[in-house]
Amino acid sequence: MLSVMRLALEEAMQAGARGEIPVGAVVTDAAGRVVAAAGNEVEQRQDPTAHAEMLVLRMAAQSLGNRRLEDCTLTVTLEPCAMCAQAAAHARIGRIVFGAYDPKSGGVEHGARIFRLAQTHHKAEIIGGLNERECADLLQGFFLERR
C-alpha cells in the first residue's frame, strides 16, 4: 500500500507543479498491479469533474473493459469529495485508501459520508490516514504559496 501511495503522491506533486490542487490517485487491481494513475486536471481541462479520482476510475474501467471495479483499490492522497466517493460507489470499487482527511470537503469520513448512507448500494472498504502527514503537508504547502 505504501508504494502505491508513493505513486499517488508523485502524481499529486506533478499536478501541483502544473498549478492544479495537488491530489493524486491510483487504481490497482486485485494483484496490486497499477491499472491507472493521475493527478488533478481541473484547471488544465477546465472541467470541474477532472479530479484525480474521476480520471483514474474512468481510465481503469476502460483499461479493464469493465465499469465494475469490485476487485480494485482506489488510493488517493486526499479523502475523496462527495462526487468522487459517489463515482467510486457506482464503479463498485472494492477499497478506498486515502492519505489526508478533508473535514471541509470530504465525502467519505466527513460531509456527505457517502458509504454510510442507506441509499448507497455499494459499500467499499475504507482505510484513511495512510501517509496522512505527508499528504496534508503537500496540500498545505500548495495553498500557503497561493496566499
Side-chain angles (χ1 to χ4, degrees), residues 1-116 120 122-143 146:
M1 258 193 268
L2 286 173
S3 63
V4 176
M5 182 58 81
R6 175 66 37 218
L7 177 56
L9 277 160
E10 288 173 17
E11 291 288 342
M13 288 183 258
Q14 291 173 20
R18 295 189 307 268
E20 302 280 352
I21 295 174
V23 176
V26 177
V27 170
T28 51
D29 65 14
R33 291 181 296 256
V34 173
V35 177
N40 275 352
E41 294 184 11
V42 172
E43 299 301 329
Q44 177 182 332
R45 294 180 186 224
Q46 289 300 293
D47 177 356
T49 70
H51 291 195
E53 301 96 310
M54 299 293 285
L55 298 174
V56 296
L57 289 171
R58 289 178 187 132
M59 291 164 45
Q62 186 172 31
S63 174
L64 296 171
N66 191 344
R67 67 180 183 84
R68 293 181 182 243
L69 305 175
E70 295 157 320
D71 295 328
C72 294
T73 299
L74 169 64
T75 302
V76 60
T77 57
L78 179 65
E79 176 184 348
C81 70
M83 174 183 69
C84 294
Q86 192 62 258
H90 282 283
R92 308 287 197 272
I93 199 82
R95 177 185 303 122
I96 298 174
V97 177
F98 66 87
Y101 289 87
D102 189 354
K104 183 177 179 184
S105 300
V108 176
E109 296 291 334
H110 297 87
R113 296 180 178 158
I114 295 298
F115 294 98
R116 294 185 190 170
T120 302
H122 175 76
K123 310 289 190 206
E125 176 187 358
I126 307 295
I127 301 170
L130 185 68
N131 280 40
E132 180 180 4
R133 186 74 263 144
E134 188 174 2
C135 293
D137 287 348
L138 179 62
L139 286 156
Q140 289 168 351
F142 175 83
F143 287 114
R146 299 286 184 273

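The first residue in the sequence is number 1, and the count goes up from there. Every heavy atom of this structure was used, including side-chain atoms; hydrogens, water molecules and symmetry mates were not. In this text the structure is predicted, and so the values were computed from the model without any measurement.
- Screening residues 2-13 for side-chain hydrogen bond (donor to acceptor under 3.5 Å, both in side chains), with sequence neighbours left out, gives Arg6-Glu134.
- Residues satisfying the side-chain hydrogen bond (donor to acceptor under 3.5 Å, both in side chains) criterion with Glu20, sequence neighbours excluded, are absent altogether.
- Here the closest heavy-atom approach between residue Met5 and residue Val76 is recorded as CE-O, 3.5 Å.
- A donor-acceptor pair under 3.5 Å is formed between the side chain of Asn40 and the backbone N or O of Ala52.
- Using a 4.5 Å heavy-atom threshold, the side chains of Arg18 and Glu43 count as separate.
- Across every non-hydrogen atom of Ala60 and Ala36, the tightest pair is N-CB, 3.9 Å.
- Side-chain atoms of His110 do not come within 3.5 Å of backbone N or O of Lys104 as any donor-acceptor pair.
- Although no hydrogens or angles enter the test, the distance criterion places a donor-acceptor pair under 3.5 Å between the side chain of Glu79 and the main chain of Val108.
- Scanning for side chain to side chain contact (heavy atoms under 4.5 Å, CB included) contacts around Ala82 gives Ala112, Ile114, with sequence neighbours left out.
- With Thr77 contributing its side chain and Gly24 its backbone, the two residues share a donor-acceptor pair below 3.5 Å.
- Considering all non-hydrogen atoms of both residues, Met54 and Cys84 come closest at CG-SG, 3.7 Å.
- Applying the salt bridge (charged side-chain N to carboxylate O under 4.0 Å, His left out) test to residues at least two apart or on different chains, none of the pairs has a partner in residues 56-71.
- A search for ring-ring contact (aromatic ring centres under 6.0 Å, His included) contacts involving Tyr101 returns Phe98, not counting sequence neighbours.
- Contact between Pro48 and Val42 at its shortest, heavy atoms only, is CA-CG1, 4.2 Å.
- Residue pairs satisfying the ring pair (Phe, Tyr, Trp, His ring centres under 6.0 Å) criterion with at least one member in residues 46-93, sequence neighbours excluded, are absent.
- Pro80 is listed as a side-chain neighbour of Ile96, based on a closest heavy-atom distance under 4.5 Å.
- Every salt bridge (charged side-chain N to carboxylate O under 4.0 Å, His left out) that Glu125 has, sequence neighbours left out, goes to Arg95.
- Using a 4.5 Å heavy-atom threshold, the side chains of Leu57 and Ile93 count as touching.
- Among residues two or more places apart in sequence or in another chain, the salt bridge (charged side-chain N to carboxylate O under 4.0 Å, His left out) test is passed with Glu41 by Arg45.
- The minimum heavy-atom distance between Val35 and Leu64, with the atom names listed, is CG1-CG, 3.9 Å.
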Which is it for Leu138 and Cys135 under the side chain to side chain contact (heavy atoms under 4.5 Å, CB included) test, yes or no, and what are the steps along the way?
-> CA-CA 5 Å; Leu138 179 62; Cys135 293; 5.9 Å; no
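- For Arg133, the side chain to side chain contact (heavy atoms under 4.5 Å, CB included) partners two or more places apart in sequence, or in a different chain, are Ala136, Asp137, Gln140.
- Scored by the salt bridge (charged side-chain N to carboxylate O under 4.0 Å, His left out) test, Arg113 finds no partners at all (sequence neighbours excluded).
- Between Asn66 and Leu69 there is no side-chain heavy-atom pair separated by less than 4.5 Å.
- For Asp29, the salt bridge (charged side-chain N to carboxylate O under 4.0 Å, His left out) criterion is met by Arg33, not counting sequence neighbours.
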Stepwise, does the side chain to side chain contact (heavy atoms under 4.5 Å, CB included) test hold for Val27 with Met59?
-> CA-CA 9 Å; Val27 170; Met59 291 164 45; over 6 Å; no
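- Listed by chain and number, the residues in a side chain to side chain contact (heavy atoms under 4.5 Å, CB included) with Phe142 are Ile21, Pro22, Arg146 (sequence neighbours excluded).
- By the 4.5 Å heavy-atom criterion applied to side chains, Thr73 and Val97 are counted as neighbours.
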